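The structure appears right after this line, and notes come after that.
Note that the coordinates shown come from a computational prediction; the quantities given were computed from them, not determined experimentally. All chains are named by letter (A, B, ...) in the order of the sequence lines, taking the proteins before the strands, and each is independently numbered beginning at 1.
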Amino acid sequence: MKQIISMIAIVTVGFVLWQLVPIAMPTALGPVTHHYVADGLKDNGGSNLVTSIVVNYRGFDTLGEVTVLFLSVSGAAFVLRRRSGLEVTEPVPASEIVQTGARALFAPIVVFGAYIFVHGHLTPGGGFQGGAVIASGVLLLLLADRDRSLPHGSLSWIESLSGLGFVLAGLAGLIVTGSFLANKGVLPLGQWNRVVSAGIIPIIYILIGLKVGSELSVLLDVMVHAAGDGEGN
Amino acid sequence: MAGNELYVATGLIVILIGFATVLVKRNILKIVIGFSLIDSGTNLLIVALGYFPGRTAPIVNNPDMLANRATLLVNTARFVDPVPQALVLTAIVIGVGVTALMLAYVVRLYATGKTLDVRQFGRMKW
């Protein structure tokens, strides 16, 4: 019975989506997107128009998204922090190859992540992607050495200060031009395709990168140490 | 039609597989995987809707694109839609956070009930 109801629900949802999709399928850029593409470079100075949208045109939305990420990560950390009391088998230590490889690769991975978010306004990439890359390096480190625990204090300082910096960069726009997260007029837009250009966009994206990287690293640390009786972290 | 039907259809199918997993499976971990599939499928669908075949990534990386306003207007016929990409970019990272939250609850539920069968948690119904 339940299976039949599930089947009917799935078929209904599939049918409705299939009917809706052609309506939503655009054949050319909409008027707002047309403005973003045509004037994005003039407004923001960044080559990557996706970054212009994420950080500037829809920067307020991104501030909300960063908050959602913070809430979900702190929720997971809160749920996992208490002792779970589960019986776990003693983890097998990682092999010599993994340990040496992790030590060798960690620094290049972090540098690559930093490269991705520093060049977010010029090339594909940005704070979210770079932060995720950094967190993957941290995961490698944690997999190689299960007993390693990250400095939660400094990581949450980095995370809080980055979030604060994002809001302050937005407030700078509010004070100078009268509109929150404004870019033009706050800082010079600089020359096309230079790392130091595009006004406050690289600053905000570097802060987002640090924030996402530290948040996901704390999350991984909490998850790795959640099993068993926990160390109280 | 535009020529991106394959990607749109794949996105829809992944969403439906995830939906079916959530409805049919009884193992909580598989339900979490189902939600994760819905997430990925939605992302794929949104990006596919903004993709116009034959167009390039919305990055002004060529000096002759910025000679004047007219060449910048040409870009509107040259680039794919950047807005869905901007939306999905943040959604992917948030999906990771939400999946982690769900998995944290799974750990907690397993510690309480010593089982992953969702039917055993019936007393939490309302």
Side-chain angles (χ1 to χ4, degrees), chain A residues 3 6 9-10 13-14 17-18 21-22 24-30 32-34 36-42 47-54 58 61-62 65-66 68-69 71-73 75-77 79-80 84-86 122-124 126 128-129 131-132 192-193 212 215-216 219 223 226-227, chain B residues 1-2 4-5 8-9 11-13 15-17 19-20 22-24 45 48-50 52 57-63 65-66 69 72-87 89-94 96-105 107-108 110-112 114:
Chain A
Q3 307 277 345
S6 307
I10 293 159
V13 170
L17 282 175
W18 186 247
V21 158
M25 192 112 83
T27 48
L29 301 183
V32 180
T33 315
H34 189 276
Y36 291 164
V37 172
D39 299 325
L41 193 66
K42 188 164 61 79
S47 321
N48 189 346
L49 297 172
V50 177
T51 301
S52 287
I53 292 170
V54 170
R58 296 182 179 221
D61 180 42
T62 305
E65 307 248 20
V66 168
V68 172
L69 183 66
L71 281 178
S72 62
V73 168
V79 172
L80 287 176
S84 63
L86 289 174
L122 304 178
T123 54
F128 290 96
Q129 299 91 317
W192 170 75
N193 231 1
V212 171
E215 259 166 10
L216 293 181
L219 177 68
M223 289 191 98
Chain B
M1 284 261 266
N4 51 2
E5 295 90 351
V8 171
L12 278 178
I13 290 168
I15 292 176
L16 290 181
I17 292 173
F19 193 51
V22 171
L23 284 179
V24 173
L45 181 65
L49 284 177
F52 308 123
I59 296 171
V60 191
N61 56 359
N62 195 340
M65 284 182 187
L66 52 130
R69 168 121 181 108
L72 283 176
L73 276 176
V74 172
N75 286 340
T76 59
R78 190 186 283 163
F79 288 163
V80 300
D81 196 341
V83 175
Q85 301 193 6
L87 296 177
L89 186 154
T90 49
I92 290 173
V93 176
I94 287 168
V96 172
V98 173
T99 308
L101 184 59
M102 284 192 284
L103 289 173
Y105 281 125
V107 169
R108 189 56 49 191
Y110 185 76
T112 325
K114 301 289 178 216

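Interface remark: B/V83 contributes backbone and side-chain atoms alike to the contact with chain A (heavy atom separation under 4.5 Å). Only the side chain of B/L45 comes within contact range of chain A, with at least one heavy atom under 4.5 Å from a heavy atom of that chain. Residue contact with chain B, scored on non-hydrogen atoms closer than 4.5 Å, is absent for A/L71. With a 4.5 Å cut-off on non-hydrogen atoms, A/T123 touches chain B through its backbone but not through its side chain. At a 4.5 Å heavy-atom cutoff, the contact between B/A100 and chain A is made by backbone and side-chain atoms alike. Proximity to chain B is limited to the side chain of A/L219, based on heavy atoms less than 4.5 angstrom apart. In this structure, chain B has heavy atoms under 4.5 Å from both the backbone and the side chain of A/A9. A/Q3 touches chain B through its side chain: at least one heavy atom from C-beta onward sits under 4.5 Å away, while N, CA, C and O do not. Neither the backbone nor the side chain of B/V22 comes within contact range of chain A; no heavy atoms are under 4.5 Å apart. Both the backbone and the side chain of B/I94 come within contact range of chain A, judged by heavy atoms closer than 4.5 Å.
Most heavy-atom pairs under 4.5 Å with chain B, from the set A/T51, A/V13, A/L49: that is A/L49. With chain B as the partner, the residue from A/S6, A/S52, A/S47 showing the most heavy-atom pairs under 4.5 Å is A/S47.
Across every non-hydrogen atom of B/L16 and A/I10, the tightest pair is CD2-O, 3.8 Å. Nearest heavy atoms, B/P58 versus A/V50: CG-CG2, 3.6 Å. Shortest non-hydrogen contact noted between A/I53 and B/A86 is CG2-CB, 3.7 Å. Here the shortest heavy-atom pairing between B/L101 and A/S72 reads CD1-O, 3.8 Å. The heavy-atom pair separating B/A104 from A/V79 by the smallest distance is O-CG1, 3.6 Å.
Contact check for B/I92 versus A/F128: no side-chain heavy atoms found under the 4.5 Å cut-off. You'll find the side chain of A/R58 reaches within 4.5 Å of the side chain of B/L87, heavy atoms only. Side-chain contact check for A/V37 versus B/P82: some heavy-atom pair is nearer than 4.5 Å.
For the atom pair CG of A/L80 and CG of B/L103, the computed distance is 9.0 Å after rounding to the nearest 0.5 Å. To the nearest 0.5 Å, the span separating CZ on B/F79 from OG1 on A/T33 amounts to 13.5 Å.
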